[in-house]
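A short worksheet on the structure shown next.
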Amino acid sequence: EFERLAGTFSSLEEQTKKALKFAEKYTVFVVLKSHRTKIFCPNGTIFENIFGNAGMATAGSGDVLTGIILSLLAQNYSPEEAAIIGVVLHSLAGDLAAKDVSEQALIASDIIENIIDKKMPSDENLDSFLNDRIDESLEGYDLSNLERSHIYNMIKDEINGMGPITELLSDKNITEI
């Protein structure tokens, strides 16, 4: 789909350059869904998602992501916040869905079901919503409370543009979320 907007590319590096140029030229946020979904911002920042799974490469999954982002925009989140939060929620819901049905059997409606049970967050409950989603998606991993807390705080800080990964990777202009 992105190729139809920006032209063909022969490598991931070329795709990244085209997406960044497109975002800057048209002052838009470009979300390229993949195993490590990237968000290209008009200011030149690139966010790379660290959650999700291969089962999310299924028909309709991108439509679900678009719906999540649009619902956040309708709730007056900024386009950058909507893209970041939307990508994270989408991938965390995909991780939860994969635990229920397996990556191989995952379909788009499984992702929806794992978001709807808690509803989309408002400003007042975003912290607890993200915390619940992160806890559920990390279930089964051998992580200490400190490690879980670090992951949660990292996501919150990145959403607010103050994350340690933003600072560490600022010379590369890529931020992991």
Side-chain angles (χ1 to χ4, degrees), residues 1-6 9 12 15-16 18-20 22-23 26 28-42 45-141 151-152 154-156 158-160 174-177:
E1 294 171 348
F2 180 66
E3 282 187 354
R4 288 186 289 199
L5 292 171
F9 45 86
L12 252 123
Q15 179 192 41
T16 297
K18 283 190 176 219
L20 190 54
F22 189 93
Y26 296 105
V28 295
F29 291 84
V30 176
V31 177
L32 294 183
K33 188 174 118 8
S34 72
H35 71 290
R36 303 244 341 182
T37 296
K38 291 183 178 74
I39 303 165
F40 299 86
C41 306
T45 301
I46 303 169
F47 293 96
E48 184 174 25
N49 185 37
I50 60 173
F51 297 107
N53 62 75
M56 297 174 69
T58 186
S61 178
D63 296 322
V64 173
L65 174 58
T66 300
I68 294 169
I69 293 171
L70 288 174
S71 72
L72 290 164
L73 287 169
Q75 295 176 58
N76 294 318
Y77 284 89
S78 73
E80 183 174 5
E81 290 171 324
I84 292 169
I85 295 168
V87 165
V88 170
L89 292 176
H90 180 259
S91 56
L92 293 177
D95 286 343
L96 293 172
K99 287 182 179 186
D100 290 341
V101 299
S102 82
E103 287 184 21
Q104 294 79 8
L106 188 102
I107 59 174
S109 60
D110 296 324
I111 298 169
I112 294 168
E113 288 173 17
N114 280 279
I115 295 170
I116 290 178
D117 67 343
K118 299 251 171 119
K119 306 278 187 233
M120 292 300 291
S122 63
D123 284 336
E124 299 83 48
N125 68 7
L126 178 61
D127 286 344
S128 65
F129 184 90
L130 280 175
N131 200 27
D132 290 348
R133 280 291 178 236
I134 292 166
D135 282 346
E136 290 174 31
S137 69
L138 295 177
E139 190 175 290
Y141 291 95
I151 291 170
Y152 168 74
M154 181 178 67
I155 291 170
K156 279 295 292 169
E158 293 303 336
I159 289 169
N160 294 322
I174 296 178
T175 303
E176 287 190 344
I177 54 172

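The figures that follow rest on heavy atoms only: side chains count, while hydrogens, waters and symmetry mates do not. Here, residue 1 is the first one in the sequence, and each next residue gets the next number.
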> CD/Glu80 to OG1/Thr45 distance, rounded to the nearest 0.5 angstrom?
Replying inline: 6.5 Å
> If you round to the nearest 0.5 Å, how far is CG of Asn114 from CG of Leu89?
Replying inline: 12.0 Å
>> Rounded to the nearest 0.5 Å, what separates atom CD1 in Ile84 from atom OH in Tyr77?
In response: 12.5 Å
> Which pairs pass side-chain hydrogen bond (donor to acceptor under 3.5 Å, both in side chains) with one or both residues in residues 58-67, sequence neighbours excluded?
Replying inline: Ser61-His90
>> Can you list everything that forms a ring-ring contact (aromatic ring centres under 6.0 Å, His included) with Phe9? Sequence neighbours excluded, please.
In response: none
>> Restricting to non-hydrogen atoms, name the atom on Leu32 and the atom on Ala19 that form the minimum distance, rounded to 0.1 Å.
In response: CD1-CB, 3.8 Å
>> Could you go through Ile50 and Arg36, starting from their C-alpha distance and side-chain angles, then the distance that decides it, and tell me whether this counts as side chain to side chain contact (heavy atoms under 4.5 Å, CB included)?
In response: CA-CA 6 Å; Ile50 60 173; Arg36 303 244 341 182; 3.6 Å; yes
> Taking all atoms of both residues into account, what is the closest heavy-atom pair of Ala108 and Ala59, and its distance?
Replying inline: CB-O, 3.5 Å
>> Minimum heavy-atom separation for Ser91 and Asn49, please, with both atom names.
In response: OG-ND2, 3.0 Å
> Between Ala97 and Leu106, what is the shortest heavy-atom contact and its length?
Replying inline: CB-CD1, 3.1 Å
> Short question: side chain of Lys18, backbone of Phe2 - any donor-acceptor pair under 3.5 Å?
Replying inline: no
> Sequence neighbours excluded, which residues qualify as side-chain hydrogen bond (donor to acceptor under 3.5 Å, both in side chains) partners of Asn53?
Replying inline: Asp95
> Where do Phe40 and Thr16 land on the side chain to side chain contact (heavy atoms under 4.5 Å, CB included) test, with the steps shown first?
Replying inline: CA-CA 8 Å; Phe40 299 86; Thr16 297; 3.7 Å; yes
> Measuring from Ile112:CD1 to Ile68:CD1, what's the distance to the nearest 0.5 Å?
Replying inline: 8.0 Å
> Under the side-chain contact (heavy atoms from CB on, under 4.5 Å) test, which residues partner Leu73, sequence neighbours left out?
Replying inline: Ile69, Leu70, Pro79, Ala82
> So with a 6.0 Å cut-off around CD of Glu1, is the heavy-atom count from everything else above 12?
Replying inline: no
>> Minimum heavy-atom separation for Val31 and Ala83, please, with both atom names.
In response: CG2-CB, 4.2 Å
>> Return the CE to CG distance between Met56 and Asp110, rounded to the nearest 0.5 Å.
In response: 11.0 Å
